[in-house]
Amino acid sequence: MKIMLVFGTRPEAIKMCPIIKELKRHQEIETVVCITGQHREMLKPILDVFQVIPHYNLDIMKEKQDLFDITINVLQRIREVLDKERPDIVLVHGDTTSAFATALACFYMSIPVGHVEAGLRTYNKFSPYPEEFNRQAVDVISDLYFAPTDCAKENLLAEGKEKETIFVTGNTVIDALKTTVSKAFSSEILDWAKGSRLILLTAHRRENIGNSMQMMFEAIKEVVEVYEDIKVVYPVHMNPVVRQTADDILGETDRIRLIEPLDVVAFHNLMDHAYLIMTDSGGIQEEAPSLGKPVLVMRDTTERPEGIAAGTLKLVGTQKADIKKHLIELLTNPDVYQSMAQAKNPYGDGHASERIIRILSEWAENRSSTTEIHP
Ligand code: UD1
Ligand code: UDP
């Protein structure tokens, strides 16, 4: 069997590399890795950590790329790679435009698609944007669904996907997390934060850019100015518009540090040492529950209800007053803090990659025996 894995952004790399690492133990499977290059600087350190050398790089990234740029360039450039390799199945991940355009190309070329992290939904096509559309579109095309949780499986079943094609595997992010967090971790940021409560901040979502992101940053700045025992570290996404907003609002604030994006080992360990996390990220909502870190999710919707049910996540929207209220509550009410700081892990046991490979092997076997009976 020949499997091709295609991905392009930081979160996809963090969640696909554990599968590639596991595939290295399966000599009977030919593995081809193609990166779209939707991200450049933010992808490289992850490939280095997991020692993954891609066979192809479509190298599409350009500054301030829009959704047309990503879709058109991936679609055009992947055609040749798919045509040359003719894999038995292509694995895509999650909800990025790299995943959507790759799945579309596979559909046009009649190549089966396996969707890793299938079935997440908000059912609001504008939130997150364009991810909710991307993930639903990928699921229309996919042949195999690797759902991280029962809830994701239920979504797929409710949409009429065939039960035999859906597998609950856990999320591969837990596979990654098991290899990165270490009690021995030290860093200059932790030295700087010693004696303070450290808030880890990230923000990058397309639909938040503009007024919502300004409101988030202003809320945090105003709270930091009052509570002197807190410090904030923000590894700023490389999107130039996000950088400008972060610089303008948070750049000159005491006890707030804007730093470059961290490699995944440093970031996971910083999460592990943080007092609380504020974010609009998707992946961080999956990692925080197993580390027992309270997260204020600065979004109006989440496709990760498991973390809300576990009590670790609170959806606080993007209004300044709401963010301030919830942040102050978490800083001043120990009962609220403790209730959110319980380590729970709704995302599996860290063996999702093994399961995915086992399912793919069985699928390939069934396919070849079916082909023999019905040539
Ligand atoms: C993309 C995904 C989003 C995911 C996020 C993870 C889409 C439409 N969006 O959004 O689902 O949550 O990645 O971070 O698929 N840039 C660099 N270097 C990099 C990466 C980005 O300079 O290594 C800059 C470029 O100017 C680029 C911009 O950031 O144009 C935005 O990148 P893009 O991939 O379009 O959007 P993200 O917000 O990163
Ligand atoms: N992350 C990282 N370095 C950083 C910030 C985040 O390695 O400086 C990791 C984080 O642990 C998570 C993933 O990147 O696994 C989330 O990526 P992002 O927030 O960019 O995308 P999303 O998950 O929202 O699609």
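Atoms considered below: every heavy atom in the structure, side chains included; atoms not considered: hydrogens, waters and symmetry mates.
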Problem set entry | Members sharing Ile53's hydrophobic cluster (side chains within less than 4.5 Å) | none

Check: [X] side chain, [Y] main-chain N or O, donor-acceptor pair, under 3.5 Å:
X	Y	answer
Thr149	Ala152	yes
Arg197	Leu331	yes
Arg77	Asp59	yes
Asn134	Asp95	yes
Gln65	Lys62	yes
His237	Asn239	yes
Gln27	Lys24	yes
Ser187	Ile189	yes
Glu12	Gly8	yes
Asp143	Val113	yes

A side-chain contact here means heavy atoms from C-beta on lying under 4.5 Å apart; do [X] and [Y] qualify?
X	Y	value
Tyr56	Ile35	no
Glu286	Pro346	no
Trp363	Leu144	yes
Leu23	Leu5	yes
Leu327	Leu276	yes
Asn208	Met298	no
Val232	Arg255	no
Pro294	Ile277	no

Roughly how far, to the nearest 0.5 Å, is the [atom2] atom of [Y] from the [atom1] atom of [X]?
X	Y	atom1	atom2	answer
Ile29	Ile3	CD1	CD1	4.5 Å
Phe146	Thr165	CZ	OG1	10.0 Å
Lys44	Asp263	NZ	CG	11.5 Å
Ile209	Glu207	CD1	CD	9.0 Å
Met16	Ile356	CE	CD1	8.5 Å
His326	Leu315	NE2	CG	9.0 Å

Determine whether more than 12 heavy atoms belonging to other residues, nucleotides or ligands lie under 6.0 Å from atom [atom1] of [X].
X	atom1	value
Glu228	CD	no
Glu80	CD	no
Glu164	CD	yes
Asp66	CG	yes
Arg25	CZ	no
Gln319	CD	no
Phe50	CZ	yes
Lys21	NZ	no

[X] and [Y] ion-paired at < 4.0 Å:
X	Y	answer
Asp272	Lys183	yes
Glu22	Arg358	no
Glu306	Arg304	no
Glu260	Arg243	yes
Lys324	Glu218	no
Asp88	Lys2	no
Asp139	Lys161	no
Arg206	Glu131	no
Glu188	Arg257	yes
Asp83	Arg79	no

Exercise. Are Phe133 and Phe100 close enough, and set up right, to give a ring-ring contact (aromatic ring centres under 6.0 Å, His included), and what steps lead you there?
Worked result: CA-CA 9 Å; Phe133 163 79; Phe100 162 62; 5.1 Å; yes

Exercise. For Leu157 and Lys163, what are the C-alpha separation, side-chain angles and deciding distance, and is it a side chain to side chain contact (heavy atoms under 4.5 Å, CB included)?
Worked result: CA-CA 7 Å; Leu157 286 172; Lys163 160 159 127 265; 3.9 Å; yes

Residue pair [X] / [Y]: nearest heavy atoms and the distance that separates them:
X	Y	result
Met4	Cys34	SD-CB, 4.3 Å
Ile284	Met271	CG2-CE, 3.8 Å
Thr332	Ile328	OG1-O, 2.7 Å
Ala105	Ile78	CB-CG2, 3.5 Å

Exercise. Can you list the steps and then say if His204 with Asp280 is a side chain to side chain contact (heavy atoms under 4.5 Å, CB included)?
Worked result: CA-CA 7 Å; His204 74 278; Asp280 65 4; 3.6 Å; yes

[X] and [Y]: side-chain donor and acceptor closer than 3.5 Å?
X	Y	result
Glu117	Asn171	yes
Thr122	Glu303	no
Thr202	Ser281	no
Thr9	Thr96	no
Asn155	Glu159	no

Problem set entry | Derivation and outcome, side chain to side chain contact (heavy atoms under 4.5 Å, CB included), residues Leu58 and Asn73 | CA-CA 8 Å; Leu58 307 181; Asn73 288 321; over 6 Å; no

For this session: Step through it carefully: locate the ring centre of Phe217, locate the ring centre of Tyr234, and say whether they are under 6.0 Å apart.
Result: yes

Exercise. Do His268 and His273 have ring centres separated by under 6.0 Å?
Worked result: no

Seminar exercise, completed: In Thr169, Thr172, Asp349, Asp175, the residue satisfying side chain to side chain donor-acceptor pair (under 3.5 Å) with Arg355 is Asp349

